[in-house]
Amino acid sequence: MMKAWTIAKQELKIIMRSKWIVSFALLFTSLACITVYFGSTNDQSGFSGFNRMTASLLNLSLFLIPLLTLLTGSMFLAGEREDGRFMLLLSAPISPFSIIFGKYIGILLALLSVISLGYGTIGIIVAALFRQASTHLFLFFAFSLLLMLMFLSVSLVIGMMSTTRFQALGLSLLSWALSVLFYEFIVIAITSFVHKTMVLPIISTSVFLNPVELVRVWTIISLKSGTIFGPSLYDFTIWAEGVYGQIMFIAATIIWMIVPLFIAYLLMKKGV
C-alpha cells in the first residue's frame, strides 16, 4: 500500500500541474455558479426538492463530470504508455495492483479538487442567496463523486487499451457520447421493437447499465421526487425508494467501480 500511495502522490502532483485540469475546474465552477444564480432568480425554493435549479445543476454534473473523468484518466495513462514512462514503471519492483490502484487514487484526488471547488463555491452562493446551508447540496456532491468513481474506472480501461493520447481521446469521446448523449435514444429504439409488456422491464433495467442514468435516477429518488417519472413507472419508483431498491443502486455502483478497475488491472498484468 505504501508503494501505491507513492504512485498516487506522484500522479496527483503531475495532474495538478496540468493546465487542462485547472481550466476545467474554472469552467465547471463558472457554469455551476451561473446555473445556481440565474436559477434562483426564477425559483426561490432553492434546493428544496427537484426544481428547475436542481435539475439544471444535476444535468450540468452529468454532462461535464463524465467528460472530465474519461479524458483525464485515459489520456494521462495513455500518455505515459506513449512516452515510455509506463513501461519503465512496470519494470520496477512494484505489483500491477499497486500501480493501477495508485494511479486511480492519484487521479481521483485531482478530480476531487475540481468538484470540491465547484460545489464549495456553489455552497457560498446558496448561503448568500437563501441565508441557509442546503443539505441537498451535499447530496449532489456525493452523487457527483460516485459518478466520478465509476467513470474513472472506465477511463483506466480506455487508457490501458490505448497506445497513444489521440486514441485515448477518441475512445473517451465515443464512450462519453454513448453514455451521455445517445444512451436514452438507444433504449427508446430498443423498446420500439419489443412487445409492450417488455417496455417497462427494459427501461427499469437500463437504469443500472449506465452510470449516468444510475446517478440521475438515484439522485431524483433520494430527493423524494420520483413522481416526475410519471404513473407508468410508479411501481419502479416505489421499489427504488425501498430497501431492496437502494441495495440494488449501491450494488450497481460498486460493480461499476470494481469491474472496470479489475479489467484494467488484468490488462496491465498482461502488459498490454
Please step through side chain to side chain contact (heavy atoms under 4.5 Å, CB included) for the pair I203 and F236, ending with a clear verdict. CA-CA 10 Å; I203 293 177; F236 172 77; over 6 Å; no
Is there side-chain contact between V215 and M150, with at least one heavy-atom pair below 4.5 Å? yes
Kindly indicate whether the side chain of L57, heavy atoms from C-beta on, has any atom under 4.5 Å from the side chain of I122. yes
Gap separating the CD1 atom of I250 from the CD1 atom of I254, nearest 0.5 angstrom: 7.0 Å
Which heavy atom of M198 sits nearest to which heavy atom of V194, and what is that distance? CB-CG2, 4.0 Å
Under the side chain to side chain contact (heavy atoms under 4.5 Å, CB included) criterion, do R81 and M160 qualify, and how do the steps go? CA-CA 8 Å; R81 287 167 57 82; M160 286 304 304; 3.7 Å; yes
Closest non-hydrogen atom pair, A264 against I100: CB-CD1, 3.9 Å
Please find the pair of heavy atoms, one from T191 and one from I188, that lie closest to each other, and give the distance. OG1-O, 2.7 Å
Just by distance, do the side chain of S172 and the backbone of L169 share a donor-acceptor pair under 3.5 Å? no
Would you say the side chain of V180 lies within less than 4.5 Å of the side chain of L62, judging by non-hydrogen atoms? no
Check whether any side-chain heavy atom of E80 lies under 4.5 Å from a side-chain heavy atom of E11, and answer yes or no. yes
Pick from L26, L71, T72: which one makes a side chain to side chain contact (heavy atoms under 4.5 Å, CB included) with I21? T72
Just so I know, are the side chains of F101 and S95 near enough to count as touching, which here means a heavy-atom distance under 4.5 Å? no
Are L67 and L27 in one and the same hydrophobic cluster, where Ile, Leu, Val, Met, Phe, Trp and Tyr link if side-chain heavy atoms are under 4.5 Å apart? yes
Pair listing, salt bridge (charged side-chain N to carboxylate O under 4.0 Å, His left out) test, anchored in residues 69-79, at least two apart: none
Applying a strict under-4.5 Å side-chain criterion to I, L, V, M, F, W and Y, I'd like to know whether L156 and F166 cluster together. no
Roughly how far, to the nearest 0.5 Å, is the OG atom of S222 from the CD atom of E241? 9.0 Å
Are any of the side-chain heavy atoms of W256 and L147 separated by less than 4.5 Å? no
Pair T29, T121: side-chain N/O donor-acceptor within cut-off below 3.5 Å: no
If every non-hydrogen atom of I99 is compared with every non-hydrogen atom of I7, which pair is closest and at what distance? CA-CD1, 3.6 Å
Of all residues at least two apart in sequence or in a different chain, which pass the side-chain contact (heavy atoms from CB on, under 4.5 Å) check with L149? Y104, L108, L145, L146, M257
Hydrophobic cluster membership, L117 vs F28, 4.5 Å side-chain cutoff: no
Can you tell me how far apart OH (Y265) and CD1 (I258) are? Round to the nearest 0.5 Å. 14.5 Å
Side-chain donor or acceptor of E82 paired with backbone N/O of R165 under 3.5 Å: yes
Set out, in order, the CA-CA distance, both residues' side-chain angles and the distance that settles side chain to side chain contact (heavy atoms under 4.5 Å, CB included) for F151 and V212, then state yes or no. CA-CA 9 Å; F151 272 101; V212 174; 3.6 Å; yes
So, applying ring pair (Phe, Tyr, Trp, His ring centres under 6.0 Å) with F249, which one of F143, Y244, W218 is it? W218
Are any of the side-chain heavy atoms of R216 and N59 separated by less than 4.5 Å? yes
Approximate separation, where rounding is to 0.5 Å, of I15 CD1 and L111 CG: 6.5 Å
Ring pair (Phe, Tyr, Trp, His ring centres under 6.0 Å), paired with W176, selected from F63, Y183, F182: F63
Please report the closest heavy-atom contact between L152 and G73, naming both atoms and the distance. CD1-CA, 4.4 Å
Polar side-chain atom of T69 near backbone of P66 as donor-acceptor pair, under 3.5 Å: no
When every non-hydrogen atom of I158 is compared with those of A168, the smallest separation belongs to CG2-O, 4.0 Å
Once you round to the nearest 0.5 Å, how far does CD1 of I107 lie from CE of M148? 11.5 Å
Mind running side chain to side chain contact (heavy atoms under 4.5 Å, CB included) on V114 and F24 for me, showing each step along the way? CA-CA 8 Å; V114 174; F24 198 94; 4.2 Å; yes
Do Q246 and I221 come close enough that some side-chain heavy atom pair is under 4.5 Å? yes
So how far is it from M161 CE to L171 CG, rounded to the nearest 0.5 Å? 6.0 Å
Which ILVMFWY residues are connected to V243, directly or by a chain of links, through side-chain heavy atoms under 4.5 Å apart? I247
